[in-house]
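Right, one structure below, let's go through it.
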Protein chains: 2
Amino acid sequence: MARKTKAEAALTRDRIVTCARQVFSREGVTNTSLETVAKEAGVTRGAVYWHFRDKADLFMAVRQQTGTLLRFDDFRTGDALERLEAGLQAALDRLRTDRQALETYEVMLWKCEYVGAFASVRKDLMSASSLFLTEVTEFYGEAVRMKLASADLDPALAARETLCFYAGLLKLWLADENGVTVRAEVRQLITQHVARRRLQKAV
Amino acid sequence: MARKTKAEAALTRDRIVTCARQVFSREGVTNTSLETVAKEAGVTRGAVYWHFRDKADLFMAVRQQTGTLLRFDDFRTGDALERLEAGLQAALDRLRTDRQALETYEVMLWKCEYVGAFASVRKDLMSASSLFLTEVTEFYGEAVRMKLASADLDPALAARETLCFYAGLLKLWLADENGVTVRAEVRQLITQHVARRRLQKAV
DNA sequence: AGATTTACATACAGACATGTATGTAAATCT
DNA sequence: AGATTTACATACATGTCTGTATGTAAATCT
């Protein structure tokens, strides 16, 4: 077949990744055949196997294309607890407004089996959790030092609770299609969660 | 083949369910073939198809065999917050001590794609979440009435936060094989989560 | 300008899973 | 005791997916 320009090839690759995400989210990772992805992208499996080693590799590309939801570095203003809340709110905001992010995370949390080649992805997720813990522990440490939070707040333990809260919130938010469980009140939920750690400000 | 007694047949069915759970947890639901399950159980696919319509049906049986983790009704002593905590602790205790429960929940949370015939299972899980909300909202309502918690604690909102916490805790606990993220401190985590809702008892 | 890659499409070979149809001997029913 | 189910095992028919091998015309390199 006629060889494509490097730029065209990059576009093809990107189309494959985008379509893979959509098919994954419709049919689940294990059930999607590379044939389906290829057709959706207007190419053949030849193109898919040219750009990616196998389905697991393609899955990694889907994750990378979307990137990470939570980026506390984006928030530099306000006290530690305000920055923590801003980061969490922004993550959930992105799910609400960015369809790509929504699809990717729905695949990761509800439509993927972490087995075989995908077991390593689960370890990745746990590494991300460890990073989360480090960052949030830092926030709580600062909050205690600045007297925003009670002196007997254990930063590491509180961070773990926040991690659980966040993980569960993501998972439930994605599944809560009619909004009755958590979707309608995400904002308040996050605000309240952080506020509960603040001194003298029971909610 | 020689017909089995009703009792023998029931044993066969149970063996199939047990083996299905193990294979699911090893290979993921989508990747397990009924042939593998059958072999593991010492029968042929004929037996599997006799007892179950298809893989989804078998999956339901696996869930039913294990039952539900969280049963607040088991705890009748203590105040509302104590009963809530006892329920949560018991659920995580069961994961720790009951291998069957552990396998089932690992399958449900990490090794199953909620797509196609399994989409309805996700709705089941969300229904269970609604029930959780009802029960926990009741606990918090009682806590407020009994002055265990601040009067401006919103029971419904607090219950949603607890739901997120619990969902995330389960998921992370199951993935945290080396215990660094949450497994080592589950007990404290739960205690702290509930305690934070109690008046005058910051942790 | 010629040599070499590249970016795919096409073709091939094999494995594997599913659902159903059929067979059968013993358990259960009447 | 005979008729009927039952609890499977066996056999069949079919579809689907994977990975690789090969072909090819145009980009890119020198």
Side-chain angles (χ1 to χ4, degrees), chain A residues 1-20 22-24 26-62 107 111-113 115-119, chain B residues 1-62 107 111-113 115-119:
Chain A
M1 199 227 179
R3 178 180 174 187
K4 300 289 179 61
T5 294
K6 276 187 185 176
E8 288 174 321
L11 286 182
T12 300
R13 194 193 121 104
D14 215 64
R15 249 189 4 258
I16 293 174
V17 174
T18 297
C19 292
Q22 292 167 356
V23 179
F24 285 166
R26 278 207 320 265
E27 317 192 352
V29 174
T30 313
N31 274 319
T32 66
S33 70
L34 297 185
E35 172 75 25
T36 306
V37 173
K39 262 185 188 157
E40 202 107 342
V43 294
T44 67
R45 270 170 55 240
V48 176
Y49 276 101
W50 171 257
H51 287 286
F52 308 96
R53 240 166 68 89
D54 52 19
K55 200 200 286 180
D57 193 28
L58 178 54
F59 179 77
M60 300 300 188
V62 167
V107 168
K111 286 153 183 197
C112 179
E113 297 177 3
V115 164
F118 291 83
Chain B
M1 198 221 181
R3 178 178 174 186
K4 300 288 179 60
T5 296
K6 276 187 187 179
E8 288 174 320
L11 286 182
T12 300
R13 194 194 120 103
D14 215 63
R15 246 185 12 254
I16 292 174
V17 174
T18 297
C19 292
R21 169 165 34 83
Q22 292 166 357
V23 180
F24 285 165
S25 96
R26 277 207 322 266
E27 317 193 351
V29 175
T30 312
N31 274 319
T32 68
S33 70
L34 297 186
E35 171 75 27
T36 306
V37 172
K39 263 185 187 157
E40 202 105 342
V43 295
T44 67
R45 273 169 53 241
V48 177
Y49 277 101
W50 170 256
H51 287 287
F52 308 96
R53 238 166 68 90
D54 52 21
K55 200 200 285 180
D57 192 30
L58 179 53
F59 179 77
M60 301 299 190
V62 167
V107 169
K111 285 150 181 200
C112 179
E113 297 177 3
V115 164
F118 291 83

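The structure displayed is predicted, hence computed values, not measured ones. Below, chains carry the letters A, B, ... as their sequence lines are ordered, and counting in each starts from 1.
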Could you tell me which nucleotide pairs with C/dC8 by Watson-Crick or G-U wobble geometry, both distances under 3.5 Å, or answer none if nothing does? D/dG23
For A/Lys55 and A/Thr30, indicate whether the former's side chain and the latter's backbone hold a donor-acceptor pair under 3.5 Å. yes
Interatomic distance where CH2 belongs to B/Trp50 and C1' belongs to C/dG23 [whole Å]: 14 Å
Option among A/Thr32, A/Val29, A/Ile16 that satisfies the side chain to side chain contact (heavy atoms under 4.5 Å, CB included) test with A/Leu58: A/Ile16
Checking D/dT28, D/dT18, D/dA7 against the side chain of A/Lys6 (C-beta onward), the nearest is D/dT28
Residue matched to D/dC29 through Watson-Crick or wobble contacts both under 3.5 angstrom: C/dG2
Candidate nucleotides C/dT18, D/dT20, D/dA9, ranked by approach to the side chain of B/Arg45 - the nearest: C/dT18
Nucleotide nearest B/Ala47 when distance is taken to its side chain, options C/dA7, D/dA9, C/dC29: D/dA9
Separation of D/dT22 atom P from A/Tyr49 atom OH, nearest Å, is 18 Å
Separation of B/Leu34 atom CG from C/dC16 atom P, in whole Å? 16 Å
Between C/dG19 atom P and B/Lys55 atom NZ, what is the distance in whole Å? 9 Å
Here the distance between atom C1' of D/dC8 and atom CZ of B/Arg13, to the nearest Å, is 15 Å
Any A/His51 side-chain N or O less than 4.0 Å from OP1/OP2 of C/dA7: no
Strictly distance-based, threshold 3.5 Å: is any side-chain N or O of B/Thr5 a donor or acceptor partner for the main-chain N or O of B/Glu8? no
If the plane angle is over 60° it's perpendicular, under 30° parallel, otherwise tilted; pick one for A/Phe24 and A/Phe59. tilted
Picking from D/dC8, C/dA9, D/dT10, the nucleotide nearest the side-chain atoms of B/Thr44 would be D/dT10
Round to a whole Å and report the spacing from NZ of A/Lys39 to P of D/dT16. 10 Å
Can you name the closest pair of heavy atoms from B/Glu27 and A/Glu113 and give their distance? O-OE1, 4.5 Å
Complementary nucleotide of D/dT18, counting Watson-Crick and G-U pairs under 3.5 Å: C/dA13
Nearest-Å distance, CG (A/Asp54) to C1' (D/dC17)? 13 Å
In whole Å, I'd like the distance from the CG atom of B/Asn31 to the P atom of C/dT18. 11 Å
Any idea which of D/dA25, C/dC8, D/dT10 is nearest the A/Arg3 side chain? D/dA25
B/Thr5 near the nucleic acid: base, sugar-phosphate alone, or nothing, with a heavy-atom cut-off under 4.0 Å? sugar-phosphate
OP1, OP2 of C/dA7 versus side-chain N and O of A/Thr12: anything below 4.0 Å? no
Within the structure shown, what part of the strands sits under 4.0 Å from B/Ser33 by heavy-atom distance: base, sugar-phosphate, or nothing? sugar-phosphate
